[in-house]
Amino acid sequence: MRRKLAAGNWKMNGVSASLDELKSLAGTHADPSVDVLICPPATIVQSAAQTVDNTPISIGGQDCHAESSGAHTGDISADMLRDAGATAVILGHSERREDHEESSEMVRAKARSAQASGLTAVICLGESLAQREAANTLDIIAGQLAASLPDNSTAENLVIAYEPIWAIGTGKVPTLAQIGEVHDFIRTRLERRFGAGVGRGVRILYGGSVKPDNAADIFRVPNVDGALVGGASLKASDFSPIIKALEESA
Ligand code: 13P
């Protein structure tokens with residue numbers, strides 16, 4: 001059985017004062033029946049990890065470099081995230097693919113580095129609105145899966161997040177049938193590539209305008225093993241009901 005995962009991506013939001021939200025989350029969810037991961041900006045990864053020390057909440061980064069050290073001004077390696085207390089890292093988010101022209105090949109190199117450092121790589125995939133309207137969604141997902149995932153991934157060190165670009169931060173959400181179609185497709189591809197054991201064990205999250213009022217419906221879709229939540233993960237009062245909805249779906 002796959003353990004469900006509620007993950008929050010704070011993006012470029014959060015300063016020291018935001019650690020209060022983490023404290024509040026840890027207080028409300030002292031013994032969750034699902035995994036909870038928060039990915040704050042790199043500047044507070046270490047203080048966030050210290051804040052949730054001895055709680056079930058885990059901390060992740062939002063990106064890492066493919067190399068473990070070297071002359072790469074401004075970049076952060078997987079080893080550094082691990083050293084700061086992170087256990088996971090989001091890679092290939094559409095905002096990074098767009099803002100920093102990250103290719104799937106670059107995402108794979110970063111994911112290899114993350115996994116080698118002992119981090120779980122949360123690899124994001126998703127189509128644009130134009131691609132969906134042209135009925136290319138499954139081809140795009142197939143291509144991103146083939147090129148972004150390291151070959152030796154395991155159920156422990158890989159999580160997939162399906163995030164349709166047009167659903168991120170827009171309040172627009174695919175129909176449950178559309179979500180189900182893509183998640184089933186991803187599951188089939190994972191099983192084909194990694195074999196039944198690993199392919200059935202990797203968690204597939206949905207991301208894109210997940211809110212307290214739509215989370216329960218989304219979590220009922222087969223092969224949705226949790227969510228990667230942006231805006232609604234910033235406040236404990238919004239993220240907490242999403243965690244509860246996931247616990248109830250498990
Ligand atoms: P929103 O939940 O704000 O739409 O963001 C989703 C996302 O991009 C998570 O990585």
Side-chain angles (χ1 to χ4, degrees), residues 4-14 18 21-22 25 34-42 44-45 48 57-64 81 86-100 102 104 107 110-111 114 119-129 131-132 137 140-141 144 148 158-176 178-179 182-183 186 203-219 221 224-246:
K4 309 264 177 183
L5 170 60
N9 174 9
W10 282 10
K11 309 192 179 185
M12 199 171 72
N13 301 289
S18 319
E21 297 297 330
L22 268 184
L25 207 58
V34 299
D35 289 342
V36 179
L37 170 72
I38 295 287
C39 301
I44 55 168
V45 162
I57 297 178
S58 306
I59 298 298
Q62 298 176 10
D63 176 52
C64 70
L81 286 173
T87 57
V89 60
I90 297 170
L91 294 169
H93 192 283
S94 59
E95 287 152 14
R96 291 206 61 87
R97 289 179 188 260
E98 195 168 310
D99 295 357
H100 300 272
E102 284 187 10
S104 289
V107 173
K110 290 174 177 215
L119 298 178
T120 297
V122 181
I123 298 184
C124 304
L125 318 164
E127 81 287 0
S128 67
L129 188 57
Q131 288 163 338
R132 175 159 285 277
T137 298
I140 293 294
I141 298 296
Q144 290 175 339
S148 308
L158 177 66
V159 170
I160 303 293
Y162 168 54
E163 300 205 310
I165 297 169
W166 51 276
I168 295 175
T170 57
K172 291 187 194 140
V173 179
T175 64
L176 300 182
Q178 287 172 326
I179 295 174
V182 177
H183 280 242
I186 293 172
R203 290 172 293 181
I204 308 173
L205 311 182
Y206 168 76
S209 297
V210 176
K211 306 287 174 202
D213 62 0
N214 62 17
D217 285 341
I218 293 169
F219 294 152
V221 177
V224 171
D225 303 310
L228 181 56
V229 182
S233 72
L234 295 173
K235 293 256 167 270
S237 56
D238 290 330
F239 199 46
S240 187
I242 294 174
I243 295 170
K244 285 199 186 108
L246 188 59

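In this text, all values refer to a predicted model and were calculated from it rather than measured experimentally. In each ligand, atom 1 is the first atom listed, and ligand 1 is the first ligand listed.
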Can you list the residues that meet the side-chain contact (heavy atoms from CB on, under 4.5 Å) rule with Asp35, with sequence neighbours excluded?
-> Arg3, Leu5, Arg203

Which residue holds the protein heavy atom closest to atom 9 (C) of ligand 1, what is that atom called, and what is the gap in Å?
-> Glu163 OE2, 2.9 Å

Quick one: does ligand 1 sit under 4.0 Å from the side chain of Asn9, the backbone, both or neither, non-hydrogen atoms only?
-> side chain

Kindly confirm or rule out an N or O of Gly169 lying under 3.5 angstrom from an N or O of ligand 1.
-> yes

In terms of side-chain heavy atoms, does Gln131 have a donor or acceptor partner in Ser128 at a distance below 3.5 Å?
-> yes

Spacing of Cys124 atom SG and Ile168 atom CD1 [to the nearest 0.5 Å] = 7.5 Å

Near Leu228 (heavy-atom distance under 4.0 Å), the atoms of ligand 1 are 9 (C), 10 (O)

Does Gly208, backbone or side chain, put an N or O under 3.5 Å from an N or O of ligand 1?
-> no

Could you verify whether a donor N or O on one side chain and an acceptor N or O on the other, from His93 and Gln62, lie under 3.5 Å apart?
-> no

So, the side chain of Glu127 versus the backbone of Pro164: is there a donor-acceptor pair under 3.5 Å, distance only?
-> no

Give the residue and atom name of whichever protein heavy atom lies nearest to atom 6 (C) of ligand 1, and the separation in Å to one decimal.
-> Gly230 N, 3.7 Å

What do you reckon, does Ser209 have a nitrogen or oxygen under 3.5 Å from a nitrogen or oxygen of ligand 1?
-> yes

Quick note, side-chain hydrogen bond (donor to acceptor under 3.5 Å, both in side chains) partners involving residues 225-237, not counting sequence neighbours, are Arg2-Asp225, Arg187-Asp225

Are any of the N or O atoms of His93 closer than 3.5 Å to those of ligand 1?
-> yes

Taken to the nearest 0.5 Å, the spacing of Ile160 CD1 from Tyr206 OH works out to 16.0 Å

Distance-only N or O hit between ligand 1 and Thr170, under 3.5 Å | no

Identity and distance of the protein heavy atom lying nearest atom 3 (O) of ligand 1 = Gly231 N, 2.8 Å

Atom 5 (O) of ligand 1 - nearest protein heavy atom and its distance = Lys11 NZ, 3.3 Å

Test side-chain contact (heavy atoms from CB on, under 4.5 Å), reference Tyr162, set Val224, Leu228, Leu205, Val182, output is Val182

